[in-house]
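To start, the structure itself, in structure tokens.
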Amino acid sequence: MGKFHSASQSGPADDPAGSGDRSEGEEEETGQKPPASEDGGAHGDADVEMVASEGPSPPGGPSEEAAEPTKWKGAVIFLCFYGFMASIKPGEPFITPYLLSPEKNLTREQVTNEITPVLTYSYMAVLVPAFLLTDLLRYKPVLVIQGVSQVVIWIILLLCTSLLEMQFMEFFYGITMACRVAYSSYIFSLVSPALYQRVAGYSRSAVLLGVFTSSVLGQLLISFGEVSFYTLSAVSLGFVSFGLTLSVCLPWPKRSLFFNRARFREQKEAAALAAKSELDKMNPKEGAASSAAPSPCSASRWRDSVFVQMLLEVRNVARRPNLRLWSLWWVFNSTGYYLVLFYVHILWNKVYPATENKNVYNGGVEAASTLLSALTSFAAGYVKIRWDVWSELVIAVITALQAGLLLLMGTTDNIWVCYMAYVLFRGFYQFLVPIATFQIASSLTKELCALVFGINTFLGTILKSIINLIFSDRRGLALDVHSQFLVYFIYYTILTVVYFVCAAVVIVRHYRNQRRGGGGGDDLPAASTELRPVAAEAEPLSNGGGAKAQ
């Protein structure tokens with residue numbers, strides 16, 4: 001039952017540095033956070049009108065910022081403080097040892113095959129409704145629901161002991177994970193587009209700092225404070241209750257991505273029609289001519305709706321090799337990553353069944369892995385290679401290293417080797433997350449970007465559920481945790497072979513084309529080696545027609 005954290009929050013993090021404990025939100029998976037490019041955000045400022053599929057973000061960053069600095073800075077600081085406090089759950093890395101302790105008296109088989117799988121099923125069931133409600137309700141209610149779910153989780157852990165009650169606890173964990181998309185989206189409704197990239201860094205850093213602080217605090221309380229798992233859970237309940245209070249105090253955003261923006265456009269159109277009718281009164285001839293024009297039929301309006309246009313554009317994503325590659329990486333590799341996070345704590349308990357609280361080091365390991373994940377995510381922005389040529393090879397090499405680490409985790413009897421392999425495994429994954437985010441998002445409009453990331457996340461969740469049902473669930477093979485990690489090793493090995501084959505095809509084709517073109521590829525400018533879209537596009541995919549500035 002790997003309790004995990006949000007990178008992107010965010011995931012995807014939006015969690016480019018997701019943590020192995022459940023504090024890891026999947027912001028990086030959801031795609032509601034902005035890409036690394038300038039207009040990566042998804043929402044407009046309450047005081048700045050934005051059009052769907054807008055063109056380049058307003059260049060007037062300083063002037064926008066100077067307009068009402070106190071207002072937007074105060075709101076962003078409060079939201080970041082909320083993100084920090086909501087991430088502090090010092091008992092989270094120790095939930096699995098708590099469930100396996102005499103206090104709960106659950107068996108390892110029950111935790112592995114009956115309790116933990118519920119988390120994946122719950123997340124899959126709640127993800128799409130949470131994604132839509134986040135936009136429809138404008139974020140705040142979803143964050144409140146998340147806070148209530150967190151409180152319920154820790155109340156169950158404190159007061160309940162039965163198998164069914166622990167399954168309900170996992171169900172509420174799935175709700176909490178699905179609702180984390182609201183945090184990663186919320187902050188972009190507070191500022192103008194020119195400030196998206198900056199505030200994304202603020203919110204991301206706040207969550208990472210919260211996860212790191214939470215893990216360190218939990219380890220210190222266990223190792224030096226000698227507190228019980230029950231007391232640690234009570235401390236966590238206090239923190240999440242405070243986080244719920246903060247979520248209730250959050251302001252209501254005035255903008256959202258789909259629903260309310262569409263309503264805003266309708267209001268503008270109604271105002272325009274009202275103004276036109278006044279002009280018609282002053283000029284009856286023109287009014288009669290315009291009234292004779294046929295109004296668009298409902299079928300035409302349906303075809304022109306935002307959702308239909310975006311769904312039609314999604315098929316174009318599958319036709320673009322760069323978007324297809326990184327979207328498939330997102331689906332398949334994130335599936336393996338989160339399965340490892342869900343079950344690694346059970347593996348640690350089996351490799352080293354600690355008899356005393358002070359011998360459990362889950363919090364320290366999660367803190368170290370969060371720190372390394374943040375460093376590798378940061379370092380990814382400075383890698384300079386030809387991504388249009390070497391993407392498949394880089395993915396293949398990193399996936400091969402992860403496969404080796406999984407084999408090591410599944411076969412070693414040394415808990416410290418297992419700890420180190422886990423820290424490196426997470427670091428390798430988080431290195432590729434910001435690269436994948438940029439490669440996918442840089443060629444898409446904000447609305448389509450959110451949709452594509454949402455689809456990738458949902459497909460990955462379905463795949464996780466299928467693997468869980470077959471190998472982990474008691475209704476399937478009900479494998480023990482060591483056997484499951486061998487399955488994950490085979491899964492990553494298959495992915496490695498596929499990536500290496502694709503890399504060979506792309507590299508051979510590149511050098512063959514280079515020879516045919518007289519070696520023109522050697523004359524490419526130096527900028528082509530930096531982190532950039534795999535194929536620079538003059539026009540991003542959009543439901544409109546305007547080109548987006550990169």
Side-chain angles (χ1 to χ4, degrees), residues 1-5 19-24 85-116 118-119 149-173 176 210-243 341-370 415 418-419 422 481:
M1 192 181 319
K3 317 310 177 196
F4 73 80
H5 144 53
S19 99
D21 64 2
R22 298 192 180 195
S23 59
E24 167 168 26
M85 293 305 303
S87 301
I88 298 183
K89 291 156 282 185
E92 201 157 50
F94 302 95
I95 291 181
T96 296
Y98 186 28
L99 296 180
L100 297 173
S101 69
E103 295 178 70
K104 296 299 181 186
N105 201 30
L106 294 165
T107 67
R108 187 177 292 111
E109 289 72 22
Q110 287 176 318
V111 174
T112 304
N113 305 127
E114 298 184 61
I115 296 177
T116 302
V118 176
L119 171 61
S149 299
Q150 289 277 24
V151 171
V152 172
I153 288 167
W154 292 102
I155 290 177
I156 291 176
L157 284 170
L158 281 171
L159 304 180
C160 304
T161 57
S162 72
L163 174 65
L164 180 61
E165 289 165 334
M166 293 305 110
Q167 289 175 326
F168 269 109
M169 181 270 295
E170 292 287 5
F171 171 76
F172 283 104
Y173 249 118
T176 299
V211 172
F212 180 79
T213 303
S214 176
S215 300
V216 171
L217 177 60
Q219 190 63 60
L220 290 176
L221 290 174
I222 286 290
S223 298
F224 299 103
E226 298 186 355
V227 302
S228 65
F229 291 135
Y230 180 89
T231 303
L232 200 59
S233 297
V235 173
S236 300
L237 177 60
F239 276 109
V240 297
S241 300
F242 181 63
L341 263 59
F342 292 161
Y343 287 94
V344 73
H345 289 197
I346 305 174
L347 177 68
W348 293 346
N349 182 271
K350 188 172 183 180
V351 173
Y352 182 68
T355 56
E356 299 180 28
N357 295 355
K358 63 181 181 180
N359 293 329
V360 179
Y361 300 102
N362 294 13
V365 177
E366 294 296 354
S369 62
T370 300
I415 187 61
C418 199
Y419 284 157
Y422 168 75
V481 69

- Message: Is the shortest side-chain heavy-atom distance between Val152 and Phe168 below 4.5 Å?
- Response: no
- Indicate whether the side chain of Thr231 and that of Ser228 have a donor and an acceptor atom separated by less than 3.5 Å. yes
- Message: Could you tell me if the side chain of Ile115 sits less than 4.5 Å from the side chain of Leu106, heavy atoms only?
- Response: yes
- Message: Distance check, rounded to the nearest 0.5 Å: Ile155 atom CD1 versus Met169 atom CE?
- Response: 13.5 Å
- Nearest-0.5 Å distance, CD1 of residue Ile415 to OH of residue Tyr361: 10.5 Å
- Message: Any non-hydrogen side-chain atom of Trp348 less than 4.5 Å from a side-chain atom of Tyr419?
- Response: yes
- Query: If you take all heavy atoms of Pro90 and Leu232, which pair is closest and at what distance?
  - Reply: O-CD2, 3.7 Å
- Provide the closest heavy-atom pair for Val216 versus Ala367 in the form atom of the first, atom of the second, distance. CG2-CB, 3.7 Å
- Message: For a quick test of reading the model, state the closest non-hydrogen atom pair linking Val360 to Gln219 and the distance between them.
- Response: O-NE2, 2.9 Å
- Query: When you measure from the side chain of Glu114 to the backbone N and O of Gln167, does any donor-acceptor pair fall under 3.5 Å?
  - Reply: no
- For the residue pair Phe229 and Ile222, establish whether any side-chain heavy-atom pair is separated by less than 4.5 Å. yes
- Gly363 to Ser215 - nearest heavy-atom pair and separation: O-CB, 3.2 Å
- Query: Can you find a side-chain donor-acceptor pair between Thr112 and Glu109 that sits under 3.5 Å?
  - Reply: no
- Task: Without swapping roles, check the side chain of Lys104 against the backbone of Cys160 for a donor-acceptor pair under 3.5 Å.
- Result: yes
- If you take all heavy atoms of Ala234 and Leu158, which pair is closest and at what distance? N-CD2, 3.7 Å
- Of all heavy-atom pairs linking Gln150 and Lys89, the shortest is NE2-NZ, 2.9 Å
- Message: Using 0.5 Å steps for rounding, measure from the CD1 atom of Ile88 to the CZ atom of Phe239.
- Response: 5.0 Å
- Query: So, Ser236 side chain and Gly91 main chain: donor-acceptor pair closer than 3.5 Å or not?
  - Reply: yes
- Task: Would you give the length of the straight line joining atom CG of Leu100 to atom CD of Gln110, rounded to the nearest 0.5 angstrom?
- Result: 9.5 Å
- Message: With heavy-atom distances below 4.5 Å as the criterion, would you say the side chains of Tyr343 and Val111 are in contact?
- Response: no
- Taking atom types as modelled and ignoring hydrogens, do the side chains of Tyr422 and Glu366 form a donor-acceptor contact shorter than 3.5 angstrom? yes
- Message: Using only atom types and a distance under 3.5 Å, with no angle test, would you say the side chain of Asn349 pairs donor to acceptor with the backbone of Pro97?
- Response: no
- Task: Verify, without hydrogens or angle tests, whether Ser214 (side chain) and Gly210 (backbone) share a donor-acceptor contact under 3.5 angstrom.
- Result: no
- Measure the shortest side-chain to side-chain distance between Glu92 and Tyr173 over non-hydrogen atoms and say whether it is less than 4.5 angstrom. yes
- Query: For Leu157, does its backbone N or O pair with a side-chain atom of Tyr98 as donor and acceptor, under 3.5 Å?
  - Reply: yes
- Item | Gap separating the CZ atom of Phe94 from the OG atom of Ser233, nearest 0.5 angstrom | 10.5 Å
- Separation between CG of Leu221 and CD of Glu226, rounded to the nearest 0.5 Å: 11.5 Å
- Query: Short question: side chain of His345, backbone of Ile95 - any donor-acceptor pair under 3.5 Å?
  - Reply: no
